Amino acid sequence: MAPQTRRLAFPKVVIERDSDTEQSSSDDEGQEEEEEEGPLSESESEEEGKENGFEEKSEENFDAKKKGKAPITISLKKVCKVCKKAGHEAGFKGATYIDCPMKPCFLCKMPGHTTMSCPHRVAIEHGVTPAPHRNTRNALEYVFERQLRPRMPLIKPAYVIPDEVNCAVIRYHSRRVTCLEFHPTTNNILLSGDKKGQVGVWDFCKVSEKMVYGNIHSCIVNNMRFNPTNDGAVYAASSDGTISCTDLETGIALSLMNLNPDGWQGPNKWRMLYGMDINQEKGVVLVADNFGFLYLVDIRTNSKSGEAILIHKKGSKVVGLHCNPIQPELLLSCGNDHFARIWDMRRLEAGSSLYNLSHKRVVNSAYFSPLSGSKILTTSQDNRLRIWDSIFGNLESPSREIVHSHDFNRHLTPFRAEWDPKDPSESLAVVGRYISENYNGAALHPIDFIDVSTGQLVAEVMDPNITTISPVNKLHPRDDVLASGSSRSIFIWRPKAKSEVGEQKDERKIIVCGRAEKKQKFGDQSDDSDDDTCKMKGKNIKSKKSRSKLTPNNLKRKR
DNA sequence: AGGCTATGCCCCC
DNA sequence: TGGGGGCCCTAGCC
């Protein structure tokens with residue numbers, strides 16, 4: 001099957017070097033042409049590999065030399081790197097990845113086909129398993145219809161998709177980004193946590209105003225939340241087993257709880273904190289660890305209240321906690337025991353969950369919908385998003401399952417589908433995609449906007465300069481802004497500038513931090529196509545002219 | 001420029 | 001039921 005290419009045009013960017021960082025910049029790498037690997041070059045390298053393989057890797061040859069026999073000529077037939085069988089090969093053909101046909105589909109996990117021919121392949125109107133017709137009428141559903149439904153608009157407004165990189169900090173963190181959080185009141189402040197335990201504070205309007213605090217945690221920052229009553233303070237839960245409360249002005253961090261007071265006593269003893277949320281009404285920080293336990297910390301006294309409660313399978317990681325935005329008594333948790341669980345805060349004890357939402361694999365995240373709190377969206381490692389349309393209805397099975405590639409590789413931050421907090425219809429979600437797609441010869445990993453009420457892919461957003469996967473995504477609570485974390489870099493996306501309106505100077509500033517490295521992936525690419533719609537489905541974003549207003553790329557590549 | 005590796009979950013014995 | 005080996009699209013460092 002011929003690898004498919006999606007044609008797409010991208011605007012140009014301005015790159016600036018971070019003035020704070022010392023750089024050795026030798027500009028010996030010019031603008032590289034983005035070349036497609038044709039089948040010819042592919043087969044050439046195969047030949048080479050054959051010879052080298054024979055000389056260096058063939059054990060038979062080695063044995064033969066030892067025993068002084070003539071080397072046996074064996075033909076090292078190319079075998080599939082996945083199943084080790086001959087006749088086919090998994091791997092990249094140009095920018096398209098060809099699956100091993102002997103394995104189940106990489107996307108939907110079902111046998112009998114590969115990703116290329118998967119009926120759930122990410123495309124419009126694919127991937128949805130419709131809800132079975134059920135009678136979900138009960139008293140609570142009635143209450144829902146009476147009290148909540150009238151507040152929800154019947155007509156969905158058109159989605160505004162932040163589909164163009166507006167600014168970025170490249171290699172901002174020293175390890176991959178693990179979480180992002182917008183400041184609750186100051187519109188242009190973004191917080192980021194990383195695998196090393198550092199917390200970044202970035203003003204993405206001033207762009208160069210940024211700060212990384214390195215002394216708050218000693219390893220992975222798994223979740224951050226602002227103090228709802230004091231937005232100058234932010235809480236963070238870390239795999240170092242502590243919760244921190246950091247004053248953003250001073251950078252001074254308090255440690256509220258330490259689950260490893262005796263230090264490293266082996267992997268079976270070391271406790272890590274993952275899921276975290278704040279219940280404002282009850283004045284507690286809720287946090288959960290990698291052994292299945294939930295802890296409550298009183299915000300006023302900054303001390304642990306009560307004993308740890310087993311809320312997931314003993315010994316399993318609890319990766320997510322979310323308090324219902326409307327009903328403060330409702331708590332949602334999810335974890336590695338393949339369950340998301342709903343709890344009544346008034347009756348938190350082992351085994352007393354109200355509902356257990358089962359999944360086929362680990363649940364990376366589970367969130368109540370942001371406005372009514374009546375829907376649930378989960379991301380599971382079985383490559384499916386699941387939606388429960390009403391927590392007052394039948395929770396036996398999800399209302400919808402949407403097949404989507406976010407199966408996570410251990411080296412990535414787990415993907416989490418996040419609600420758009422601005423969408424009054426509570427149906428738009430954003431989630432990064434794992435498998436790449438061939439865009440004009442480049443393998444890119446888009447960030448998907450999905451209408452979870454229909455399963456429709458509303459938009460897939462990408463930039464040719466971002467070749468890394470973007471598992472961490474957050475939509476702004478008020479503005480049409482998307483923040484994405486990809487490897488060590490952070491990107492701010494806004495809707496494409498509409499050239500007609502007001503001649504807005506759209507300077508896209510890219511700050512490059514850190515040590516000089518071999519290749520900078522911000523280059524000048526593809527300015528040919530006139531298909532500039534960024535795969536917006538059913539929406540017309542006029543932006544052809546906007547590209548010409550962007551300053552030409554002047555990045556000097558360095559090594 | 002290629003090879004290592006940190007790291008998490010799953011599966012199998 | 002527990003430990004160890006094995007991984008399908010990593011990314012960055014040596």
Side-chain angles (χ1 to χ4, degrees), chain A residues 3 29 37 45 48-49 52-53 56-57 79-85 88-109 111 113-116 118 121-122 170-178 194-197 219-220 222 239 266-268 270 272 274 290 313-319 335-338 359-364 380-383 405-415 432-439 442-446 462 466-472 485-489 513-521 558-559:
Chain A
E29 254 183 291
E37 268 184 56
S45 65
E48 234 170 47
N52 290 344
E56 292 160 24
K57 290 175 188 160
V79 294
C80 172
K81 65 177 180 185
V82 175
C83 70
K84 316 283 186 259
K85 292 198 175 80
H88 65 272
E89 260 184 81
F92 275 103
K93 286 274 179 283
T96 305
Y97 193 92
I98 308 297
D99 278 354
C100 170
M102 308 304 282
K103 293 277 180 166
C105 172
F106 190 62
L107 175 56
C108 76
K109 311 296 178 198
H113 64 272
T114 64
T115 306
M116 289 289 271
C118 177
R121 184 118 189 263
V122 176
I170 308 299
R171 273 185 268 112
Y172 177 41
H173 281 272
S174 54
R175 290 287 183 275
R176 59 167 213 247
V177 172
T178 53
D194 73 19
K195 188 168 137 349
K196 204 181 174 189
C219 59
I220 315 179
N222 289 306
S239 290
N268 297 331
W270 187 262
M272 305 188 250
Y274 282 84
N290 58 328
K313 186 180 166 189
K314 196 168 190 176
S316 78
K317 194 194 288 180
V318 183
V319 292
N336 280 21
D337 63 354
H338 301 194
H359 294 69
K360 290 208 186 69
R361 295 271 294 275
V362 167
V363 189
N364 293 346
S380 170
Q381 288 197 37
D382 64 357
N383 266 357
S405 170
H406 51 254
D407 187 6
F408 107 92
N409 160 326
R410 66 182 169 285
H411 311 294
L412 296 172
T413 304
F415 291 83
R433 198 193 300 173
Y434 182 45
I435 49 172
S436 61
E437 197 78 55
N438 182 351
Y439 295 97
L444 303 177
H445 307 265
M462 84 294 289
I466 308 173
T467 54
T468 48
I469 296 168
S470 306
V472 190
S486 194
S487 185
R488 298 156 57 186
S489 308
C513 311
R515 258 188 317 131
E517 265 161 37
K518 47 187 171 185
K519 201 181 271 186
Q520 202 57 58
K521 251 327 260 188
K558 42 192 178 145
R559 39 184 303 131

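Hydrogens, waters and symmetry mates are skipped; everything else that's a heavy atom, side chains included, is used. Order of the sequence lines fixes the chain letters, A, B, ..., with proteins taken first and strands second; residue numbering starts at 1 for each chain. Keep in mind that this is a model prediction, so the values were computed, not measured.
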A.B. asks: Whether A:T468 contacts C:dT10 is assessed here as follows: a side-chain N or O lying under 4.0 Å from the phosphate OP1 or OP2. Is that the case?
C.D. replies: no

A.B. asks: Between B:dC9 and C:dG12, how far apart are the C1' atoms? Round to whole Å, please.
C.D. replies: 23 Å

A.B. asks: For B:dT7 versus C:dC13, give the span between their P atoms, rounded off to a whole number of Å.
C.D. replies: 15 Å

A.B. asks: Please classify the glycosidic conformation of C:dC8 as syn (within 90° of 0) or anti (everything else).
C.D. replies: syn

A.B. asks: B:dT7 phosphate, OP1 or OP2: any side-chain N/O from A:K195 under 4.0 angstrom?
C.D. replies: yes

A.B. asks: Between A:L412 and A:S174, name the one whose nearest nucleotide on DNA chain C is closer to the 5' end.
C.D. replies: A:L412

A.B. asks: If I take atom NZ in residue A:K109 and atom P in nucleotide C:dC7, what distance separates them, rounded to the nearest angstrom?
C.D. replies: 15 Å

A.B. asks: Tell me the interatomic distance from A:N383, atom CG, to C:dC8, atom C1', rounded to whole angstroms.
C.D. replies: 11 Å

A.B. asks: Using whole Å, report how far OH of A:Y434 lies from C1' of C:dC7.
C.D. replies: 10 Å

A.B. asks: Is the backbone N or O of A:F106 less than 3.5 Å from a side-chain atom of A:N383, with the two atoms forming a donor-acceptor pair by type?
C.D. replies: yes

A.B. asks: Measure the distance from CZ on A:R171 to P on C:dG12 and round it to the nearest whole Å.
C.D. replies: 8 Å

A.B. asks: State which residues pass ring-ring contact (aromatic ring centres under 6.0 Å, His included) with A:H359; sequence neighbours excluded, sorted by chain then number.
C.D. replies: A:W388

A.B. asks: Measure from NZ on A:K196 to C1' on C:dG12 and round the result to the nearest Å.
C.D. replies: 13 Å

A.B. asks: Any base atoms under 4.0 Å from A:P104, or only sugar-phosphate, or nothing? Heavy atoms, all strands.
C.D. replies: base

A.B. asks: So A:H406 and A:F415, would you call those rings parallel, tilted or perpendicular, with 30° and 60° as cut-offs?
C.D. replies: tilted

A.B. asks: Check the distance between C:dA11's C1' and A:L444's CG and give it to me in whole angstrom.
C.D. replies: 16 Å

A.B. asks: Can you see which heavy atom on A:I220 is nearest to which on A:T178, and at what distance?
C.D. replies: CG2-CG2, 3.8 Å

A.B. asks: Taking all non-hydrogen atoms of both residues into account, name the closest pair between A:M102 and A:K85 and its distance.
C.D. replies: CE-CD, 4.2 Å

A.B. asks: Would you mind reading off the distance between A:R175 atom CZ and B:dT7 atom P, rounded to a whole angstrom?
C.D. replies: 9 Å

A.B. asks: Can you tell me how far P of C:dG12 sits from CD1 of A:I469, to the nearest Å?
C.D. replies: 11 Å

A.B. asks: What's the shortest heavy-atom distance between A:S174 and A:K196, and which atoms?
C.D. replies: OG-CD, 3.2 Å

A.B. asks: Sugar-phosphate atoms are those with a prime plus P, OP1 and OP2; base atoms are the rest. Using that split, label each nucleotide of nucleotides 8-13 of chain B B, S or - for protein heavy atoms under 4.0 Å, 5' to 3'.
C.D. replies: BSS---

A.B. asks: Does A:D194 use its side chain to pair, donor to acceptor, with the backbone of A:H173 at less than 3.5 Å?
C.D. replies: no

A.B. asks: Give A:K81 one of three labels, base, sugar-phosphate or nothing, depending on what nucleic acid heavy atoms sit under 4.0 Å from its own.
C.D. replies: nothing

